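The structure appears below as structure tokens.
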Amino acid sequence: MATTGAKRLRSKDILTNAADLIDERSRTHGHYDLTILRASKLWSDFLEREIDPMDVAICMGLLKIARIMEARGHHDDNFYDLVAYAAIAGELAVKDWHDLDAF
């Protein structure tokens, strides 16, 4: 994926940038829990079947993988977003969505 003269991405930097991105986007776009829960309800209604919030985060990660494949890795932010969605999916996998105090 790397091209001659391209800067090298380091795994630790990707993780740090992804964590910063989660914080930044939570401030500017609202907390991801509620956004992804809302998306899961919208997707469920549209697709006429239950879509779990964790599935939304995984599907968003898959979209980032598709972008990485299309761009041949030339956009660092796709890697940051992919890692962020994976981390969010991991958190959502164990969240009790019926416990409103969890928000």
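Computed from a prediction, not measured in an experiment: that's the story for all the values here.
Evaluation of the side-chain contact (heavy atoms from CB on, under 4.5 Å) rule for I65 yields L62, M69, L82 as partners, not counting sequence neighbours. Evaluation of the side chain to side chain donor-acceptor pair (under 3.5 Å) rule for D81 yields K64 as partners, not counting sequence neighbours. Remark: N78 engages no residue in a side chain to side chain donor-acceptor pair (under 3.5 Å) (not counting sequence neighbours).
To the nearest 0.5 Å, atom CG of residue L15 and atom CZ of residue R10 are 13.5 Å apart. Rounded to the nearest 0.5 Å, atoms NZ (K41) and CG (D45) are 9.5 Å apart. Atom CD1 of I88 and atom CD1 of I36 lie 5.0 Å apart (nearest 0.5 Å).
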Could you go through residues 49-59 and list every donor-acceptor pair under 3.5 Å that involves a side-chain atom there, pairing it with any protein atom two or more places apart or in another chain?
residue	atom	partner	partner atom	Å
D52	OD2	M54	N	2.9

Only pairs under 3.5 Å count here: list side-chain donor-acceptor contacts from residues 20-28, not counting sequence neighbours, and write none if there are none.
residue	atom	partner	partner atom	Å
S26	OG	I22	O	2.9
T28	OG1	E24	O	3.3

For this session: Check the pair L9, Y80 against side chain to side chain contact (heavy atoms under 4.5 Å, CB included), reporting the backbone distance first and the verdict last.
Result: CA-CA 10 Å; L9 290 176; Y80 308 149; 4.0 Å; yes
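Remark: side-chain polar atoms of H31 are paired, donor with acceptor, to backbone N or O of D33 under 3.5 angstrom.
F46 and L37 end up in the same hydrophobic cluster when Ile, Leu, Val, Met, Phe, Trp and Tyr side chains are linked at under 4.5 Å.
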